[in-house]
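Note on naming: letters A, B, ... go to the chains in the order of the sequence lines (proteins, then strands), and numbering restarts at 1 for each one. Just the heavy atoms: all of them, side chains too, but no hydrogens, waters or symmetry mates, feed the values below. Note that the structure is predicted; figures quoted are calculated from it, not measured.
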Protein chains: 2
Amino acid sequence: MGTDRRAAILEAAAGVIARRGVRGLRVADIAADAGVSTALVYYHFKGRADILRRTLELISDRAQRYTADQARTEVATGRVRAARPPRSPRRELERALLLELQDRAEVRENSTAWGELCATAVFDPELRTALSDARLCWIDALVETLGRSHGNAPPTALTAAAERLTATLEGLSTRWLGGILPLPHARELLREAVAVELAHLRHAT
Amino acid sequence: MGTDRRAAILEAAAGVIARRGVRGLRVADIAADAGVSTALVYYHFKGRADILRRTLELISDRAQRYTADQARTEVATGRVRAARPPRSPRRELERALLLELQDRAEVRENSTAWGELCATAVFDPELRTALSDARLCWIDALVETLGRSHGNAPPTALTAAAERLTATLEGLSTRWLGGILPLPHARELLREAVAVELAHLRHAT
DNA sequence: CGGCATTGACTGAATTTTCAGTTAGCGTAC
DNA sequence: GTACGCTAACTGAAAATTCAGTCAATGCCG
């Protein structure tokens with residue numbers, strides 16, 4: 001276990017992807033970024049494709065961690081100070097989604113890499129399945145959150161809302177990362193999207 | 001003006017991008033696809049990067065053309081048979097957006113290439129500006145459509161709705177092309193998104 | 001008209017660059 | 001002494017880009 005070099009290589013890969021994109025990802029760059037020889041990369045990984053796959057896992061784990069941290073925090077505080085007023089469903093939903101629209105380096109990197117991997121997956125069936133799973137999981141989580149506040153709405157309506165919200169989030173994220181939509185504006189649009197969808201759910205009940 | 005070879009090369013480039021992605025774009029492929037020597041590609045264009053830029057222009061022109069054709073058709077028929085009942089604002093908006101979600105080869109190709117170029121633009125400032133213009137133009141068109149039916153809503157609300165709808169469309173399109181969202185479902189989600197946003201606009205007035 | 005110069009479109013065959021992937025071996029800890 | 005973590009230097013193939021010229025058309029002078 002003396003080696004965290006392997007992990008460093010993956011971190012570096014995520015960084016390079018965020019900086020130059022999957023298209024611009026060269027094994028030599030990863031190595032340089034990790035302060036390591038290219039040969040070591042091949043010592044630890046099967047090849048470029050393998051690195052990509054593992055990096056996807058890293059990215060998706062990180063995203064998982066965001067939301068997990070979030071949930072854990074809520075539960076913990078909920079338990080400790082039971083007197084805290086329950087967060088409104090709207091707030092809860094907003095927070096869950098806005099986690100992906102923050103100006104923290106980690107988030108930005110993650111979002112960029114995610115976008116790249118989505119784009120790459122269009123032409124790479126192997127990435128596709130993994131990505132598909134991740135997205136379904138993400139949608140399920142949202143549906144669950146929605147269900148807690150609008151459990152009486154038909155399940156298909158909940159799913160549709162979750163699908164639209166994640167799609168909207170991805171679209172906004174692309175624009176943000178593409179530099180044509182300032183972060184605050186993106187966040188505002190997303191908040192409104194949540195409000196709009198929730199209003200619709202209430203009306204549909 | 002005797003040469004449409006140059007245009008053929010760009011058409012071919014769009015096709016190759018849609019088929020293999022920007023990363024899989026080889027100049028030799030473009031040439032082969034256009035039935036031309038690779039050298040000719042360099043005769044007409046400065047290099048790979050130049051081709052990419054010009055192809056983005058082509059793609060965005062094509063998208064423009066869709067909507068222009070659409071608008072022209074509406075105006076024309078409106079003039080000729082004035083008795084035709086006016087299309088409901090919702091229908092009009094739906095049609096404009098659903099144009100990008102069709103199973104026609106031309107549309108699929110254009111959407112795929114568009115997605116690829118968006119993804120590329122995140123890392124290429126030169127592409128970025130062009131893309132930004134195209135998107136603003138697209139949003140303006142939507143705002144205008146929205147304004148015709150909800151002119152009394154505050155302009156910022158119209159813009160926000162248009163921004164959200166285009167973002168949602170792009171997100172759905174990505175999923176469709178990525179093969180994780182069947183086309184009919186994507187279309188249904190988009191139709192609902194329109195309904196949801198319009199309801200919100202009405203309420204906000 | 002008919003020959004000659006010029007030019008733009010175009011090509012096949014190099015040349016150069018770029019990268020993923022390999023090899024041979026060094027140090028060191030056990 | 002051997003297994004492990006690691007590197008410098010290399011290879012081979014795939015692509016990008018350039019070169020040296022062909023060909024067909026156009027203009028122009030006599």
When you check the phosphate oxygens OP1 and OP2 of D/dC6, does a side-chain N or O of A/H44 lie under 4.0 Å from one of them? yes

Tell me whether the OP1 or OP2 atom of D/dG5 has a side-chain N or O from A/Y43 closer than 4.0 Å.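 Indeed, a polar side-chain atom of A/Y43 lies that close.
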
Quick one: which protein N/O atoms are closer than 3.5 Å to N/O atoms of nucleotides 8-13 of chain D? Pair and distance per line, please.
none

Taking the minimum atom-to-atom distance to the side chain of A/Y42, which one of D/dT18, C/dC10, C/dA20 wins? C/dA20

Taking the side chain of B/R5 as its heavy atoms from C-beta onward, which of C/dG8, C/dT11, D/dT18 lies nearest to it?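 The closest nucleotide is C/dT11.
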
Checking [X] side chain against [Y] main chain: does a donor-acceptor pair fall under 3.5 Å?
X: A/Q102; Y: A/L99; result: yes
X: A/R48; Y: A/L25; result: yes
X: B/T55; Y: B/I51; result: yes
X: A/T168; Y: A/R164; result: yes

Check the distance between [N]'s [atom2] and [X]'s [atom1] and give it to me in whole angstrom.
X: A/D50; N: C/dG21; atom1: CG; atom2: C1'; answer: 13 Å
X: A/R23; N: D/dA15; atom1: CZ; atom2: P; answer: 16 Å
X: B/F45; N: D/dA16; atom1: CZ; atom2: P; answer: 15 Å
X: A/L40; N: D/dC4; atom1: CG; atom2: C1'; answer: 11 Å

Looking at B/E144 and B/R148, is any side-chain nitrogen of the basic one under 4.0 Å from a carboxylate oxygen of the acidic one? yes

Under-4.0 Å salt bridge between A/R19 and A/D29: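 No.
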
For B/I51, report the nucleic acid contact type (base, sugar-phosphate, nothing); a contact means any heavy atom under 4.0 Å. nothing

Regarding B/L25, tell me which of base, sugar-phosphate or nothing describes its non-hydrogen contacts under 4.0 Å with the strands shown.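 Result for B/L25 = sugar-phosphate.
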
Between B/K46 and B/R26, which residue's closest nucleotide on DNA chain D lies nearer the 5′ terminus? B/R26

Locate the shortest heavy-atom distance separating B/L10 from B/L58; write the atom from each residue and the value. O-CD2, 3.7 Å

